[in-house]
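Residues: numbered from 1 along the sequence shown. Nothing here was measured: the structure is a model prediction, and the numbers come from that model. Note: hydrogens, waters and symmetry copies are ignored here, and every other heavy atom, side chains too, is used.
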Amino acid sequence: MKEQGKNPKNWVWGMFYYNKDDDRIFVPKPNPADGSTLNFANRKSILVILAAICFFGFTIFMIYKKH
């Protein structure tokens, strides 16, 4: 399964990883120095994105609520 992350056919525009056959949520980028990204074909990655948006939205809300 490691080789799926290196297949250029699984990368949309070279930035977004999309592979329904890969069950990983986080996938290392082709260049390991760039870190990792989400597998946007995995439904659980949508939950990760929503959780991050909610967290940052709540943080911004709390900052502005104090003023």
Checklist entry - Rounded to the nearest 0.5 Å, how far apart are CZ of R24 and NZ of K44? => result 14.0 Å
Checklist outcome for this item: When every non-hydrogen atom of W11 is compared with those of P30, the smallest separation belongs to CZ2-CD, 3.4 Å
Checklist entry - Are I25 and I53 grouped together when hydrophobic residues (ILVMFWY) are joined by side-chain heavy atoms under 4.5 angstrom apart? => result yes
Checklist entry - Do Y18 and I49 belong to the same hydrophobic cluster, where Ile, Leu, Val, Met, Phe, Trp and Tyr are linked whenever their side-chain heavy atoms lie under 4.5 Å apart, directly or via other members? => result yes
Next on the checklist: Quick check: closest heavy atoms across T37 and K29, and the distance to 0.1 Å?
Outcome noted: CB-CE, 3.8 Å
Checklist entry - Can you get from M62 to F55 by hopping between Ile, Leu, Val, Met, Phe, Trp and Tyr side chains that sit under 4.5 Å apart? => result no
Checklist entry - Is there a path of hydrophobic side-chain contacts, each under 4.5 Å between heavy atoms of I, L, V, M, F, W or Y residues, that connects V12 with M15? => result yes
Checklist entry - Do the non-hydrogen side-chain atoms of V48 and L38 ever get within less than 4.5 Å of each other? => result yes
Next on the checklist: Strictly distance-based, threshold 3.5 Å: is any side-chain N or O of N10 a donor or acceptor partner for the main-chain N or O of Y17?
Outcome noted: no
Next on the checklist: If you define the side chain from C-beta out and look only at heavy atoms, does anything of N39 sit under 4.5 Å from F26?
Outcome noted: no
